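What follows is a short report on a single structure.
Note that the structure is predicted; figures quoted are calculated from it, not measured. In the text below, chain A, chain B and the rest are named by the order of the sequence lines, each starting its count at 1.
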Number of protein chains: 2
Amino acid sequence: MARAATTTDVFNAVAEPRRRQILDLLAAAGPCAVGAIVIALGLPQPAVSKHLGVLREVGLVSVEKHGQSRVYQLNAKEIQAVHEWTRTFERFWTHKLDRIKHRAEARARAQGHPFAIAAAAARKDRAS
Amino acid sequence: MARAATTTDVFNAVAEPRRRQILDLLAAAGPCAVGAIVIALGLPQPAVSKHLGVLREVGLVSVEKHGQSRVYQLNAKEIQAVHEWTRTFERFWTHKLDRIKHRAEARARAQGHPFAIAAAAARKDRAS
DNA sequence: TTGACATATGCCCATATCGGCATATACTCA
DNA sequence: TGAGTATATGCCGATATGGGCATATGTCAA
């Protein structure tokens, strides 16, 4: 198997910097026609179209025909999944003390191999 | 150019589901030896080692030799970048009214091409 | 209808991927 | 020293990528 397609996941779609740029732009400027994005980001038009295609397929943007131009609109709700996942780790950078405590506990657990805990976590991960 | 290397970015590293599983596991169970991860996730050992290699190179985990096993520890601080980026879009799913308002404003702006706004946003994006 | 404009697509290339398998490296203990 | 365990690494194949370029599609305007 090769790498997962960029259209499989919001995570994969968002891994490309230029795609993130496009999303940032749409968030800042509101719905944009392709041409506007091309000019704003200084990218060749086919590239923009292709990136928009990926974003569209993943549901991160939606299109609306307006005459001969197509206006792309951000659908940021899809980013929420990524946000939620990262939020899981929030405690690791917000409370320094907590982090130290966690490390200590974890180190203690690591002495005996934490198979049970690990397996439980894995089950939880697979469920998500 | 092909797709960016998975070791370029936290975004790219995290695009792989199994890598996310490993991170989830380390967050839940604390530092783990490779063998523990192998058993917990049911993946072949070389695969786990390679994924850990990617995570290591991006700084998402750190290693510590302990006898003949290597204990990997989560360094979640690196995930904060992703968290911050997604947080930029938070307003789009938290307040429904805000979202509607934004759309309306944006639509209005879209009538005349929002080049100036777009360009400004692009500059801001490139800076980040 | 013809021409100009706005987007999308198709094709080619070089590249990096992930998985599987075999094997090298590193450490421990008898 | 030699066997056994724990990880890492190298090589292979199949695949999807992203950029560039040319071109097809679709739409408006005169």
Side-chain angles (χ1 to χ4, degrees), chain A residues 1-9 11-22 26 31-58 61-73 110-115 118, chain B residues 1-9 11-22 26 31-58 61-73 110-115 118:
Chain A
M1 234 183 271
R3 197 200 296 215
T6 56
T7 53
T8 27
D9 223 33
F11 285 91
N12 278 283
V14 155
E16 164 67 45
R18 297 173 193 285
R19 239 130 43 198
R20 260 175 280 148
Q21 275 192 2
I22 292 177
L26 291 177
C32 284
V34 177
I37 300 174
V38 168
I39 293 181
L41 302 186
L43 299 174
Q45 175 267 316
V48 172
S49 272
K50 285 172 188 172
H51 284 312
L52 285 171
V54 172
L55 295 174
R56 205 191 323 141
E57 205 161 340
V58 178
V61 300
S62 57
V63 213
E64 206 174 317
K65 291 190 185 180
H66 261 301
Q68 57 184 347
S69 66
R70 301 200 186 177
V71 176
Y72 280 82
Q73 190 182 47
Q111 301 301 330
H113 287 266
F115 290 151
Chain B
M1 236 183 270
R3 198 202 295 215
T6 55
T7 54
T8 325
D9 224 30
F11 284 92
N12 277 283
V14 154
E16 164 67 46
R18 297 174 194 281
R19 240 132 41 198
R20 260 174 280 147
Q21 275 191 1
I22 292 178
L26 291 178
C32 283
V34 178
I37 301 174
V38 168
I39 294 180
L41 302 185
L43 299 173
Q45 175 267 316
V48 172
S49 272
K50 285 172 187 171
H51 283 312
L52 285 171
V54 173
L55 295 173
R56 205 189 324 141
E57 204 162 343
V58 179
V61 301
S62 57
V63 213
E64 205 174 320
K65 292 191 184 179
H66 262 301
Q68 58 184 351
S69 66
R70 300 199 187 176
V71 176
Y72 279 82
Q73 189 183 47
Q111 301 302 328
H113 287 267
F115 290 152

Report yes if a side-chain nitrogen or oxygen of [X] is closer than 4.0 Å to either non-bridging phosphate oxygen (OP1 or OP2) of [N]; otherwise report no.
X: Arg70(A); N: dG26(D); result: no
X: Tyr72(A); N: dA8(C); result: yes
X: His51(B); N: dG19(C); result: yes
X: Arg3(A); N: dA14(D); result: no
X: Arg18(A); N: dG19(D); result: yes
X: Thr6(A); N: dT17(D); result: yes

For Val14(A) and Arg20(A) the tightest heavy-atom approach is O-NE, 2.8 Å
Heavy-atom closest pair (Tyr72(B) atom, Leu26(B) atom, distance to 0.1 Å) is O-CD2, 3.5 Å
Rounded to whole angstrom units, what separation is found between the [atom1] atom of [X] and the [atom2] atom of [N]?
X: Leu55(B); N: dC18(C); atom1: CG; atom2: P; result: 10 Å
X: Gln68(A); N: dA6(C); atom1: CD; atom2: C1'; result: 5 Å
X: Asp9(B); N: dT17(D); atom1: CG; atom2: P; result: 17 Å
X: Lys65(B); N: dT5(D); atom1: NZ; atom2: C1'; result: 16 Å
X: Phe11(B); N: dT17(D); atom1: CZ; atom2: C1'; result: 19 Å
X: Asn12(A); N: dT15(D); atom1: CG; atom2: P; result: 18 Å
X: His66(B); N: dT28(C); atom1: NE2; atom2: P; result: 12 Å
X: Glu57(A); N: dT17(D); atom1: CD; atom2: P; result: 9 Å

message: Determine whether a donor-acceptor pair (N or O, by modelled atom type, separation under 3.5 Å) exists between the side chain of Asn12(A) and the backbone of Ala15(B).
response: yes
Test your reading of the model: is there a side-chain donor-acceptor pair from Arg19(A) to the backbone of Ala13(A), 3.5 Å cut-off?
yes
The residue, Val63(B) or Met1(A), whose nearest nucleotide of DNA chain D is more 5′ is Val63(B)
Ranking Lys50(A) and Ala4(A) by the position along DNA chain D of their nearest nucleotide, the one closer to 5' is Ala4(A)
Rounding to 0.5 Å, atoms CD (Glu16(A)) and NZ (Lys50(A)) come to a distance of 12.5 Å
Of dG19(C), dA16(C), dA8(D), the nucleotide closest to the side chain of Gln45(B) is dA8(D)
Side-chain contact check for Ser69(A): nearest option of dG19(C), dA14(D), dT7(C) is dT7(C)
- Query: So what does Pro44(B) hit on the nucleic acid, given a heavy-atom distance under 4.0 Å: a base, only sugar-phosphate, or nothing?
  - Reply: sugar-phosphate
Q.
Over all strands shown, is Glu16(B) touching base, sugar-phosphate only, or nothing at heavy-atom distances under 4.0 angstrom?
A. sugar-phosphate
